[in-house]
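What follows is one structure encoded as structure tokens, with my remarks underneath.
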Amino acid sequence: MNRAVRTPGGLSLRLDPRALLVTVLLLAAACAAGVALIGTGDAKIPAADVLRTLARNGNAYQDFIVNELRLPRVLVGLLVGAALGLGGALFQSVSRNPLGSPDVLGLSQGSTAGALVVIVLLSGGTTQVTVGALIGGLVTGLAIHLLAWKQGVHGYRLVLVGIGVSAVATAVNGYLLTKADLVDAARAVVWMTGSLNGRDWDQVWPLLVLCAVLVPLVLVNARGLRMLEMGDDVANALGVRVQRVRLVLMVSAVLLTAAATAAAGPVSFVALTAPQLARRLTRSPGPNLVPSLCMGAALLVAADWASQRAFGADQLPVGVVTGVLGGAYLLWLLVTERRAGRI
């Protein structure tokens, strides 16, 4: 049951105790998984020493291992998972479809195409690949929006157009790989898998700044998003500027997805599964933006831990683990939606 909370300044907020509890637990799980991940590896460090080192009380050896080698990777994982979880929640809410995620709509494939152009045709470095992925995601998002526009953007048309754009982008990616030489093709395939290997502070800061700007912007428009779920006519009647709110939220979702893809490659299915899992845990209607953000962060860091520790000496890219788990979840979701008569 929601509870109304009124601040001394007269601002009224509605809080769902269960959703708040789930959010806190997911955030704690993400942080605990991050600490565990920092402590694992060839040089094992107990969790207490990890926390002490993060507080700048460790020795020089622990400081180098924790703060220079492992912390940036974990922070990129947390930020990428959070960005994908929030972006997926936005797309699913705007489209009013549980399949309306960046994976299905083609945004990840568009970002991949931008990165492949830089790798294959321009032989660019890490910074150039990041810029290419961002541009590819933005161009793809703009194309989907324009193609889906017909007196506004509506859910099922958005999904259908996104599936078509995804197919085109996938074909372009395959063609670019055939034109690459062996070294560039191998580099591109590794990037396309989705991985946190080798991530450092150069990937942390841009993603952190972008999230610091976009997350508050999205939360400010959260009420309008909840009204949109009841339909454009109802939202208009309640005073929501429908097209403006939808455009702001879709641009934010595209930027979050493109930035996450630029930082870690196209990590699949996190954006699809995190919002649905968060909604099932909170049992709360609406977009569940903050729980989805925390769920995405926890999922990706846990998947990265599994990719490093669950397969013995073989370390898998995190995108392989999320792909296997997300594919199984997608099949379950399709069966559930079919039994419910929604597809």
Side-chain angles (χ1 to χ4, degrees), residues 21-59 61-89 194-212 215 256 259-265 267-271 273-275 277-278 281 289-311 315-322 325-326:
L21 177 61
V22 168
T23 300
V24 171
L25 292 177
L26 287 174
L27 184 60
C31 293
V35 170
L37 186 57
I38 291 174
T40 60
D42 294 334
K44 292 181 173 58
I45 301 177
D49 290 340
V50 171
L51 295 174
R52 190 179 301 111
T53 304
L54 290 175
R56 299 295 180 180
N57 292 322
N59 57 44
Y61 170 76
Q62 292 174 337
D63 182 69
F64 175 75
I65 295 295
V66 171
N67 292 316
E68 297 300 324
L69 294 184
R70 296 178 181 172
L71 180 60
R73 175 185 179 130
V74 171
L75 289 178
V76 170
L78 289 170
L79 290 170
V80 167
L84 291 175
L86 182 56
S195 175
L196 296 175
N197 292 335
R199 297 305 183 265
D200 57 26
W201 292 104
D202 290 337
Q203 283 81 38
V204 173
W205 295 118
L207 193 56
L208 180 61
V209 170
L210 189 70
C211 288
V215 171
L256 287 167
T261 304
V267 180
S268 58
F269 288 112
V270 173
T273 58
L277 292 176
L281 288 176
L289 297 179
V290 178
S292 298
L293 182 152
C294 296
M295 175 62 79
L299 278 178
L300 191 54
V301 175
D304 192 36
W305 181 90
S307 70
Q308 294 187 54
R309 310 302 301 172
F311 301 95
Q315 292 191 8
L316 300 178
V318 67
V320 174
V321 177
T322 60
L325 297 178

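Heads up: numbering here begins at 1 and tracks the sequence. Keep in mind it's a predicted model, so treat the numbers as computed, not measured.
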Heavy-atom pair of closest approach, residues [X] and [Y]:
X    : Y    : answer
P72  : V204 : O-CG2, 3.6 Å
G194 : V267 : CA-CG2, 4.1 Å
A278 : M295 : N-CE, 4.2 Å
A83  : A260 : CB-CB, 4.1 Å
A306 : V321 : CB-CG1, 4.5 Å
P275 : V270 : CD-O, 4.1 Å

Could you state the interatomic distance from [atom1] ([X]) to [atom2] ([Y]), rounded to the nearest 0.5 Å?
X    : Y    : atom1 : atom2 : result
S307 : L196 : OG    : CG    : 7.5 Å
L207 : R199 : CG    : CZ    : 11.0 Å
S292 : L84  : OG    : CG    : 12.0 Å

Original post:
Which pairs, with at least one residue in residues 290-299 and sequence neighbours excluded, count as a salt bridge (Lys or Arg N to Asp or Glu O under 4.0 Å)?
Top reply: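 Residue pairs passing salt bridge (Lys or Arg N to Asp or Glu O under 4.0 Å), neighbours aside: none found.
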**OP:** Keeping to residues at least two apart or across chains, list the salt bridge (Lys or Arg N to Asp or Glu O under 4.0 Å) pairs with something in residues 200-212.
**Re:**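 Qualifying pairs: none.
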Subject >> Worked verdict on L277 versus L299 for side-chain contact (heavy atoms from CB on, under 4.5 Å) >> reply: CA-CA 10 Å; L277 292 176; L299 278 178; 4.1 Å; yes
**OP:** Could you tell me which residues satisfy side chain to side chain contact (heavy atoms under 4.5 Å, CB included) with L210, sequence neighbours excluded, listed by chain and number?
**Re:**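 Residues passing side chain to side chain contact (heavy atoms under 4.5 Å, CB included) with L210: L214, A259.
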**OP:** With side-chain contact (heavy atoms from CB on, under 4.5 Å) as the test, would you mind laying out the steps for V50 and R70 before giving the verdict?
**Re:** CA-CA 11 Å; V50 171; R70 296 178 181 172; over 6 Å; no
Subject >> Option among L51, D49, I45 that satisfies the side-chain contact (heavy atoms from CB on, under 4.5 Å) test with V66 >> reply: I45
Report, one line per pair, each donor and acceptor closer than 3.5 Å where one atom sits in a side chain of residues 22-41; sequence neighbours left out.
residue, atom, partner, partner atom, Å
T23, OG1, A19, O, 2.8
T40, OG1, L37, O, 2.9

Original post:
Crowded around W201 CH2? As in, over 12 foreign heavy atoms under 6.0 Å?
Top reply: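 Result for CH2/W201: enclosed.
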**OP:** Go through the structure and list residues passing side-chain hydrogen bond (donor to acceptor under 3.5 Å, both in side chains) with N197, not counting sequence neighbours.
**Re:**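 For N197 the side-chain hydrogen bond (donor to acceptor under 3.5 Å, both in side chains) partners, ignoring immediate neighbours, are R73, S195.
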Subject >> Contacts of D63 that satisfy side-chain hydrogen bond (donor to acceptor under 3.5 Å, both in side chains) - sequence neighbours left out >> reply: R56, N67
**OP:** Start with the C-alpha gap between L293 and L289, add the side-chain angles, then the distance that decides, and say whether side-chain contact (heavy atoms from CB on, under 4.5 Å) holds.
**Re:** CA-CA 6 Å; L293 182 152; L289 297 179; over 6 Å; no
Subject >> Polar side-chain atom of T322 near backbone of S268 as donor-acceptor pair, under 3.5 Å >> reply: yes
